[in-house]
Protein chains: 2
Amino acid sequence: MAVRQDIHNSEIPVLCRACEARHRGVCGALTPEQLVELSRHTTKRKVEAGAVLVSDSDTIDSYANVLAGVVKLTKTLPDGRQQIVGLQFAPDFIGRPFKRESSITAEAATAVRVCAFPKTSLDRMISQAPELGHRLHLQALNELDEARDWMLTLGRKTASERVASFLHLIARHGDPEAESDGEISFDLPLTRADIADFLGLTIETVSRQLTKLRKDGLIAVENNRHVTVFDVGKLERRANI
Amino acid sequence: MAVRQDIHNSEIPVLCRACEARHRGVCGALTPEQLVELSRHTTKRKVEAGAVLVSDSDTIDSYANVLAGVVKLTKTLPDGRQQIVGLQFAPDFIGRPFKRESSITAEAATAVRVCAFPKTSLDRMISQAPELGHRLHLQALNELDEARDWMLTLGRKTASERVASFLHLIARHGDPEAESDGEISFDLPLTRADIADFLGLTIETVSRQLTKLRKDGLIAVENNRHVTVFDVGKLERRANI
DNA sequence: CGCGGCATTGAGATGCGTCAAATGCGGTGG
DNA sequence: CCACCGCATTTGACGCATCTCAATGCCGCG
């Protein structure tokens, strides 16, 4: 994969070249000089599925960008019931600006690559680069829209509609332009347990609804993880979009 | 509406004096001159319960601050099932910056007073007053935290826990410092139907859970709307906080 | 005093959860 | 390459929490 060949490319830190976050993510707000400055404190990390990135009620001292893989944001009741309150894909930003404590846990749902940097570095940079603050603001608003969409799903949809909504979410994430009468296939980034935690259901109910979709001829499932949706429009009707 | 020209108070527009949004709300980010500028296009409105402030899929051309009363943010499925995805109290800001269309409906839950101003005025001001953008960012992050808290409630709590959580939310909003072994009483800003839409339950289930709380000696209810919580700590335990 | 809207209560239906067993899949080692 | 093991997933039977439908009660207001 070739690095973009523009004249000033030399100024972009090696670490940041070919990084998606520099284009669509928050780093796109930074000048080459600021990128250099930030990259001085930056580390790329590989994280295996299941590893915890930020733990509930920890004081946060670092932020990160997702470079690859899927990160789940979860909340847990004292007795262990868990709910996924958000999914982060590349090049999403992970972290809660302007607050010392996180109220949620961030955990790798798949193998993940992140680019992590100390909170202080970015916080300092926000005051210098207004565009950076703006991008973070946009991301927060976007996550807010998503959270509220999902509240409707959790509060008012049936199990069948929830599972269809989830498949639709994942499908659309892979191909936002998917024709509503087209076929589309993808790998699920979550286990059944995670899907259940995302949908506010049990593993068994998720499984039953998936087999129902299969028997109704809407989807095919191979090796548990790979899903083909035959008709996105029909799926949307199931999801009550 | 002439502005008096004396040295101290002079600079603050009449409209804005004694307005809560100037202290704890977004207007606190503005200089007196900016307040004057903004207030030129501003109107205070009284809105009766049930009136719609912003309608789903309308193009938004105005923002507002809540001055008094409670505004509910709702989402609705094609078949009419509804979910309240947020409650706004004074001095909250209503509106979705950086987007032309709203994906939610804002409706007065009680009688409400708002201070409304055209989108363009505020959008222009954001670029001039970075502190304003910052306050809006903080509000978005705050709403995001609240939305995610509520996702846990919707996805994983029982009816009994949900109703307790709701009472706790309202109680805490009136008195954030409430002693956890103290008594506290307040008026519910929502009808049973609205509470049900907030909790993802039916009216009947909400009613049954309220009478259960009453029979268990945790609360008293007068005239359907006025609630006394005898022991906030016990309520929290019910809510699984 | 009666009417209309909101809330409560009751009885019965059902969707989803719980518990338990069976199946399938991937990885490991012979 | 195959046999085996452990874990994820599916399937089944059953129970219960919540929904649905219906009747009754309550309160403010004309």
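Heavy-atom basis, side chains included; hydrogens, waters and symmetry copies ignored. All chains are named by letter (A, B, ...) in the order of the sequence lines, taking the proteins before the strands, and each is independently numbered beginning at 1. Everything numeric here is computed off the predicted structure, so don't read it as measured data.
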Check your understanding: Does the side chain of Ser160(B) pick up a donor-acceptor pair with the side chain of Lys212(B) at under 3.5 Å?
Key ->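 Their side chains do not contain a donor-acceptor pair, so the 3.5 Å distance test is not met.
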
I'd like to check [X] versus [Y] (side-chain heavy atoms, cut-off strictly below 4.5 Å). Are they in contact?
| X | Y | value |
| --- | --- | --- |
| Gln209(A) | Arg162(A) | no |
| Val85(A) | Trp150(B) | no |
| Val54(A) | Arg96(A) | no |
| Leu144(A) | Arg148(A) | yes |

Under 3.5 Å, which donor-acceptor pairs do the side chains of residues 69-79 of chain B form with other protein atoms, sequence neighbours left out?
unit_1   : atom_1 : unit_2    : atom_2 : d
Lys72(B) : NZ     : Asp194(B) : OD1    : 2.8
Lys72(B) : NZ     : Asp194(B) : OD2    : 3.4
Lys75(B) : NZ     : Asp149(A) : OD1    : 2.6
Lys75(B) : NZ     : Ser103(B) : O      : 3.4
Thr76(B) : OG1    : Gln82(B)  : NE2    : 3.4
Asp79(B) : OD1    : Arg81(B)  : N      : 3.2
Asp79(B) : OD1    : Arg81(B)  : NE     : 3.2
Asp79(B) : OD2    : Arg81(B)  : NE     : 3.0
Asp79(B) : OD2    : Arg81(B)  : NH2    : 2.8

Point to revise | Stretch residues 154-167 of chain B: residues that reach within less than 4.0 Å of DNA chain D through a heavy atom | key: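 Listed by number, they are Thr158(B), Ala159(B).
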
Expressed in angstrom and rounded to an integer, what is the separation of [X] atom [atom1] from [N] atom [atom2]?
| X | N | atom1 | atom2 | result |
| --- | --- | --- | --- | --- |
| Lys212(A) | dT10(D) | NZ | P | 16 Å |
| His226(A) | dG24(C) | NE2 | C1' | 18 Å |
| Leu213(A) | dT10(D) | CG | P | 12 Å |
| Leu201(B) | dA17(D) | CG | C1' | 11 Å |
| Asp79(A) | dG17(C) | CG | C1' | 15 Å |
| Asn223(A) | dG27(C) | CG | C1' | 14 Å |

Exercise for review: Have a look at the helix from dC1(C)-dG30(D) to dG30(C)-dC1(D) and give the angle its two end axes make, five pairs each, rounded to 10 degrees.
Suggested key: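 It works out to 30° between the end axes.
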
Exercise for review: Can you establish whether the number of heavy atoms outside Lys46(B) located under 6.0 Å from its atom NZ is more than 12?
Suggested key: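 Counting other residues, nucleotides and ligands, NZ of Lys46(B) stays at 12 neighbours or fewer.
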
Point to revise | Glu48(A), CD atom: more than 12 neighbouring heavy atoms under 6.0 Å | key: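 Result for CD/Glu48(A): open.
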
Just list the side-chain donor-acceptor pairs under 3.5 Å for residues 175-182 of chain B, sequence neighbours left out, or say none.
unit_1    : atom_1 : unit_2    : atom_2 : d
Asp175(B) : OD1    : Glu177(B) : N      : 3.1
Asp175(B) : OD1    : Ala178(B) : N      : 3.4

Exercise for review: Could you note down all residue pairs passing salt bridge (charged side-chain N to carboxylate O under 4.0 Å, His left out) where residues 223-235 of chain B supplies at least one of them, sequence neighbours left out?
Suggested key: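 Qualifying pairs: none.
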
Review point. Below 4.0 angstrom from OP1 or OP2 of dT18(D), is there any side-chain N or O of Thr202(B)?
Key: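 Negative; the distance criterion is not met.
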
**Study point:** Aromatic ring pairing Phe198(A)/Phe166(A), orientation class (parallel under 30°, perpendicular over 60°, tilted between)
**Key:**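 Phe198(A) vs Phe166(A) ring planes: perpendicular.
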
Exercise for review: Encode nucleotides 4-12 of chain C as B, S and - characters from 5' to 3', where the letter depends on protein heavy atoms closer than 4.0 Å: B to the base, S only to sugar-phosphate, - to neither.
Suggested key: ---SBBBB-

